[in-house]
Amino acid sequence: IEDMQILSGDLVSNGDFSQIGSELVTNGNFSTNSSWSKIRANYDVTTNPNKATITNSSVNGYIYNQVGIPTVIGRSYSVKVNYYGTLSTISGAAPIVKYDNVGGGGSVYGRRIVTSAAADELIEFNFTATTTAFWVSLFSPTNADIHVWGNVSVKEVGQDWNLSADSSIFQGFANVSSTGTYQYILQSGILTVGKKYKVEYTILNGSTGVLKLGTSLGVSSIISTVGTHSVIANALTTDFYIERLTVCDINITNISVIEITDDTNLPRIDYSPY
C-alpha cells in the first residue's frame, strides 16, 4: 500500500500560442473596388490587380475598411499590410498605416510609418483589443501622391488567452512587457480553488524583470531566466494568471497546467523482479 499522485491532462489550451484565427478583413486583397471607404482619395484596382492604387485629392487622403473588424476586448490580433511603393510623390512624405476604433483617421491603437525607401515593405504588428471593433486606414499625407498597397490582413492570435493592454501574443509566444502595475496573460475558469497544480513554462528571453503566478496560485515570483521551469502550488482563484512582478520584457511559451491529486492507501501490485 503506497501513497499515489494522479495527474490530470493539460488544463491550458493553446499553451504554445501556435493557433491563429481566420481572416477578418473583407476584400483585403483588393480583388474589387469595394469594401473600402475613401476620404479625400480615390483607389482603383484596374491597373494593378489585387493592389490598391490610391491617389490623393488633398492632404491626408486615405482609405479604410467600410465595416469594422470585429474584435474581443483583451484578445491579441496580428495586422499585416504590404506597401508596394510610390508611383508619384511631391514631398516624399512617408505613407502611414493607422489602426483605430473610429473608422478612419483616429489613433486609439496607434500607427506605423512606412520606413523603406524601396517598394515591397511588409508592415506587421500586433495589438491587444480594447474595443469590440476597429478599422485599418491607409494614409498618404501629401496632396497628389500615388501609393500602392495590398494584402491587408487581420487575424486573431493566441486564442483562449486574455491579456492586459500592455501584453502581447505573437504566433508561438506571449510577451509580458510593461511598466504598469498589473499586467498579465490569463485563461479563465481552468482552476479549482484549493486544488494542487503543477505549472510548467518556457522562457525564451529573460533579460529584464521577473514574473509571478500572483492571485491565481499565490506564488510571489517564478524563475524568469531562459529555459524550461516548473512550480507546484494550490489554487486561490479559478482563473489562471501569469503576471509581471517587476518591470519586465519577457517572452514565454509552452505553458501547461496539470492538476495533482494526492491519494493514499491505493493498492499496487509490484511485479519486480519478474
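What's counted below: heavy atoms across the whole structure, side chains too, no hydrogens, waters or symmetry copies. Quantities reported herein were computed from a predicted structural model and do not represent experimental measurements.
- Legend: salt bridge (Lys or Arg N to Asp or Glu O under 4.0 Å) pairs involving residues 69-78, not counting sequence neighbours, sorted by first then second residue: Arg75-Glu156.
- Residues Leu236 and Thr215 fail the side-chain proximity criterion, which asks for heavy atoms closer than 4.5 Å.
- Not one N or O on the side chain of Ser140 forms a donor-acceptor pair closer than 3.5 Å with the backbone of Ile146.
- Both Ile185 and Val231 are members of a single hydrophobic cluster when ILVMFWY side chains are connected at heavy-atom separations under 4.5 Å.
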> Hey, mind stepping through Asn14 and Val12 against side-chain contact (heavy atoms from CB on, under 4.5 Å) and telling me if it holds?
Replying inline: CA-CA 7 Å; Asn14 193 25; Val12 167; over 6 Å; no
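- To the nearest 0.5 Å, the span separating CZ on Phe30 from CG on Leu138 amounts to 5.5 Å.
- Applying the salt bridge (Lys or Arg N to Asp or Glu O under 4.0 Å) rule to pairs touching residues 251-261 yields Lys195-Glu259, sequence neighbours excluded.
- When every heavy atom of Gln171 is checked against every heavy atom of Ser18, the shortest pair comes out as NE2-O, 3.3 Å.
- For Asn175 and Asp249, the side-chain atoms include at least one donor-acceptor pair closer than 3.5 Å.
- By the side-chain hydrogen bond (donor to acceptor under 3.5 Å, both in side chains) test, Asp160 pairs with Ser13, sequence neighbours left out.
- A distance-only check finds no donor-acceptor pair linking the side chain of Thr202 to the backbone of Gly227 [under 3.5 Å].
- Each of Phe139, Tyr83, Tyr43 was compared with His147 under the ring pair (Phe, Tyr, Trp, His ring centres under 6.0 Å) criterion, and only Tyr83 meets it.
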>> Under the criterion side-chain contact (heavy atoms from CB on, under 4.5 Å), I'd like the reasoning laid out for Asp120 against Asn82: C-alpha separation, chi angles, the key distance, then a yes or no.
In response: CA-CA 7 Å; Asp120 301 327; Asn82 282 109; over 6 Å; no
> Between Val97 and Ser137, does a side-chain contact (heavy atoms from CB on, under 4.5 Å) hold up when you go through it step by step?
Replying inline: CA-CA 6 Å; Val97 177; Ser137 305; over 6 Å; no
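- The two residues Ile63 and Ala52 make their nearest non-hydrogen contact at CD1-CB, 4.4 Å.
- Counting heavy atoms from C-beta on, the side chains of Ser31 and Asn50 come closer than 4.5 Å.
- Atom CG of Leu245 is separated from atom CD1 of Ile222 by 9.5 Å, given to the nearest 0.5 angstrom.
- When all heavy atoms of Trp36 and Thr26 are compared, the pair lying nearest together is NE1-O, 3.9 Å.
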>> Between Val45 and Thr32, is the side-chain contact (heavy atoms from CB on, under 4.5 Å) condition met? List the steps.
In response: CA-CA 6 Å; Val45 302; Thr32 64; 5.6 Å; no
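- Figure legend: cation-pi geometry between Lys98 and Tyr62 absent, as NZ or CZ is not positioned both under 6.0 Å from the six-membered ring centre and within 45° of its axis.
- With Asn27 contributing its side chain and Ser34 its backbone, the two residues share a donor-acceptor pair below 3.5 Å.
- Nearest heavy atom pair, residue Ile113 against residue Ala94, reads CG2-CB, 3.6 Å.
- Taking OG from Ser167 and CG from Asn162, the interatomic distance works out to 11.5 Å, rounded to the nearest 0.5 Å.
- Linking ILVMFWY residues whenever their side-chain heavy atoms come closer than 4.5 Å, directly or via other members, places Leu163 and Ile20 in the same cluster.
- Connection of Phe173 to Val210 is not established within any shared hydrophobic cluster, with ILVMFWY side chains joined at heavy-atom distances below 4.5 Å, either directly or through further cluster members.
- With hydrogens and angles ignored, the 3.5 Å screen pairs no side-chain donor or acceptor of Asn48 with any backbone N or O of Val148.
- Taking both residues in full, the closest heavy atoms of Arg244 and Leu211 are given as CA-CD2, 4.2 Å, listed atom of the first, atom of the second, then distance.
- Atom CD1 of Ile223 is separated from atom CD1 of Ile203 by 9.5 Å, given to the nearest 0.5 angstrom.
- Remark: Asn65 pairs with no residue by the side-chain hydrogen bond (donor to acceptor under 3.5 Å, both in side chains) rule, at least two apart or across chains.
- Contact of the Ser188 side chain with the Asp239 side chain is registered, since non-hydrogen atoms from C-beta on lie closer than 4.5 Å.
- Here salt bridge (Lys or Arg N to Asp or Glu O under 4.0 Å) pairs that include residues 123-137, with residues two or more places apart or in two chains, are Lys80-Glu124.
- Tested against Val257 for a side chain to side chain contact (heavy atoms under 4.5 Å, CB included), the candidates Leu191, Leu213, Leu217 yield a single pass: Leu191.
- At a cut-off of 3.5 Å, with distance as the only test, no side-chain donor of Glu200 or Thr228 sits close to an acceptor on the other residue.
- Residues Ser37 and Gln66 form a side-chain contact, since some pair of their non-hydrogen atoms from C-beta on lies under 4.5 Å apart.
- Looking at Tyr77 and Val72, their side chains come closer than 4.5 Å, going by heavy atoms from C-beta outward.
- With sequence neighbours left out, the salt bridge (Lys or Arg N to Asp or Glu O under 4.0 Å) criterion links Lys155 to no other residue.
- When ring centroids are compared, Trp161 and Phe17 come within the 6.0 Å threshold.
- In this structure, Asp10 contributes its side chain and Ser256 its backbone to no donor-acceptor pair below 3.5 Å.
- Ring geometry for Tyr184 against Tyr241 counts as perpendicular: the plane angle is over 60°, on a 0 to 90° scale with 30° as the lower cut.
- Between Phe127 and Phe134, the ring center distance clears the sub-6.0 Å criterion.
- For the atom pair OG of Ser168 and CG of Asn126, the computed distance is 6.5 Å after rounding to the nearest 0.5 Å.
- Trp149 and Val81 make their closest contact through CE3-CG1, 3.6 Å (heavy atoms, listed as atom of the first residue, atom of the second, distance).
- Formation of a donor-acceptor pair under 3.5 Å by the Asp44 side chain with backbone atoms of Thr53 is not found in this model.
- Atom CG of Leu11 is separated from atom OH of Tyr197 by 6.5 Å, given to the nearest 0.5 angstrom.
- One hydrophobic cluster, built from ILVMFWY side chains closer than 4.5 Å, holds both Ile123 and Leu24.
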